[in-house]
Structure formats: structure tokens, C-alpha cells
Q: 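Let me give you the structure first, and then I'll get to my questions.
Quick caveat, the model's predicted, so the values are computed rather than measured. Here, residue 1 is the first one in the sequence, and each next residue gets the next number.
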Amino acid sequence: MNRRQVTITVIAVLVALGLIVVGAVALTGRQPTDSARIGSPSPTPTATSGTEARSDAPPTATPGPDDGEEPGGANADGAPGSGSDGAPGSAPGSGAPGTTPADPTPPVGPAPAPLFVAPLPATASAEGELTTGFPSQVVPLAPDSRVVSSSLASEGTRLQVGLTATSGTAAAGVLDHYQSVYGPLGFASRPADAVSGTTAWVFTRGENAVTVSVYQLDTGSAYTVFGTFTAG
């Protein structure tokens with residue numbers, strides 16, 4: 001083997017050793033990367049629709065008791081969720097559910113029967129007794145009475161009735177008697193002005209009115225009845 005062959009052989013050995021060293025270094029440099037990739041799982045993408053999630057985005061606020069709403073859908077004042085007028089489940093401006101407005105017009109009963117019908121009794125008067133045609137069913141005498149005078153005056157549908165009498169009953173008993181007469185007939189009653197020592201009450205029903213005045217005597221009472229009526 002000549003010198004040239006020896007030189008070529010040495011160069012070939014050196015090249016082979018260099019390739020071995022380079023290969024070892026390359027293998028040694030990839031191992032940490034490979035091992036790290038094997039030991040660390042791949043990150044899971046969190047963004048959708050091509051948008052990456054931002055780690056610096058502020059967290060979403062969750063309403064709490066201090067945000068004006070109580071747990072369970074209640075407002076800050078403790079009332080359950082409602083419309084603008086505060087009624088649960090009602091529309092703004094609506095009334096309470098399930099209620100019916102009250103009828104402001106009270107029921108009207110049948111009209112009472114007229115006290116008088118045409119023809120009315122003729123105008124007349126009498127002393128010591130009831131005159132002819134006197135309506136004793138509408139203007140009756142008080143118990144234990146004695147007639148002093150009586151009168152009638154009629155014109156068209158209007159009738160005036162007058163009575164003056166005395167009674168063995170006290171003044172309060174006479175008033176109680178006429179209360180029991182006109183109350184059931186639908187008359188309203190109230191005290192009326194009277195001269196000193198006299199008690200008076202007025203009874204009214206529509207266009208009909210009766211005034212009873214009573215004066216207390218030592219024994220019994222004296223009284224007058226004056227009525228104005230309209231025929232039906």
C-alpha cells in the first residue's frame with residue numbers, strides 16, 4: 001500500500017468518525033424536545049368561529065343580592081317580579097287579576113204605590129169631626145184623640161190635608177204613632193223647627209210631605225198634622 005492509499009484511507013476513517021459524532025449530537029439535541037412533547041398534552045383550543053379567546057377579557061358579572069335583585073326573582077324591595085304597577089303578573093295599568101269593577105249604581109227597587117189617585121176628594125172642612133172625604137188611611141188620628149178641626153183642599157193632582165186634635169197620649173207617644181205610620185210607607189223623617197214648647201217632625205217621600213207638631217199638656221197632648229200630597 002503506497003502513501004496515497006494510506007492517505008485516502010485515513011481521510012475515509014476521519015469522515016466516518018465525523019458522521020458518527022454529528023449523528024450522535026443530532027440525536028442528543030432532539031431527545032429533550034421529543035420527551036417534552038410526549039409528557040405535555042397539547043393545548044385545547046377554547047375560542048370558536050376562528051376567534052381566539054383573550055386571557056385579558058374581564059369576567060362576566062353575576063347578579064347578586066347587592067345588584068338590585070334578590071335570589072328567586074325578587075326585586076330589591078323584596079316584592080316578586082311584577083309589571084310596572086307592582087301587581088304580580090299584571091300588565092302596566094291593569095287592575096288586580098280576577099276582579100270585577102263594582103257597579104257604582106245601586107240597585108233600584110220597585111217604585112212605591114201612589115198614596116192618592118185621581119179623582120181627589122173635593123175641598124171641604126169641618127169642626128169637631130173629620131170632614132167628608134178625609135183620607136184617614138193616610139192621615140190617621142193618634143190613639144185616644146178628639147178632633148178639633150179638619151180640612152181638605154184639592155187642585156189638579158195636588159191635595160192638602162189639615163188636622164187639629166187632642167189626645168190622652170203624651171207628646172212622645174203621638175210622635176211614635178206617626179213614626180209607625182209613615183216609616184213603613186217609605187217616608188224619611190227628621191226633626192223640624194217649631195215654636196217654643198212644641199216638638200215637630202217632618203216626613204217626606206218624593207213630592208209628598210207630612211209635618212206633625214205636638215204640644216205637651218198637663219194631661220195628654222195637643223197636635224196638628226199638615227200634609228201635601230201628589231196623586232199618582
Q: Report yes if the side chains of V210 and V161 come closer than 4.5 Å at any heavy-atom pair, otherwise no.
A: no
Q: Of all the heavy-atom pairs spanning S136 and L130, show the shortest one and how long it is.
A: CB-CD1, 4.5 Å
Q: If you measure from CG on L185 to OG on S180, what distance do you get to the nearest 0.5 Å?
A: 10.0 Å
Q: Provide the full list of side-chain hydrogen bond (donor to acceptor under 3.5 Å, both in side chains) pairs with a residue in residues 204-227, sequence neighbours left out, each pair given once.
A: S145-Y223, E207-T230
Q: Which atoms form the tightest heavy-atom contact between H177 and L141, and what is the distance?
A: NE2-O, 3.2 Å
Q: Is there side-chain contact between V214 and Y178, with at least one heavy-atom pair below 4.5 Å?
A: no
Q: Are V148 and V225 linked, directly or through other ILVMFWY residues, by side chains that come within less than 4.5 angstrom of each other?
A: no
Q: Which heavy atom of P135 sits nearest to which heavy atom of L152, and what is that distance?
A: CD-CD2, 3.6 Å
Q: With rounding to the nearest 0.5 angstrom, report the CD to CG distance, E155 to L120.
A: 11.0 Å
Q: Which heavy-atom pair separates T123 from A153 by the least distance, and what is that distance?
A: OG1-CA, 3.5 Å
Q: Verify the neighbour count for atom CZ of R146: are there more than 12 heavy atoms of other residues, nucleotides or ligands below 6.0 Å?
A: no
Q: Under the side-chain hydrogen bond (donor to acceptor under 3.5 Å, both in side chains) test, which residues partner S167, sequence neighbours left out?
A: T169
Q: Quick one: OG on S154 to CZ on F229, what's the gap to the nearest 0.5 Å?
A: 13.0 Å
Q: Using a 4.5 Å cut-off on heavy atoms from C-beta on, say whether the side chain of L163 contacts that of F134.
A: yes
Q: Can you list everything that forms a ring pair (Phe, Tyr, Trp, His ring centres under 6.0 Å) with F187? Sequence neighbours excluded, please.
A: Y182
Q: With rounding to the nearest 0.5 angstrom, report the OG to CD distance, S150 to E127.
A: 8.0 Å
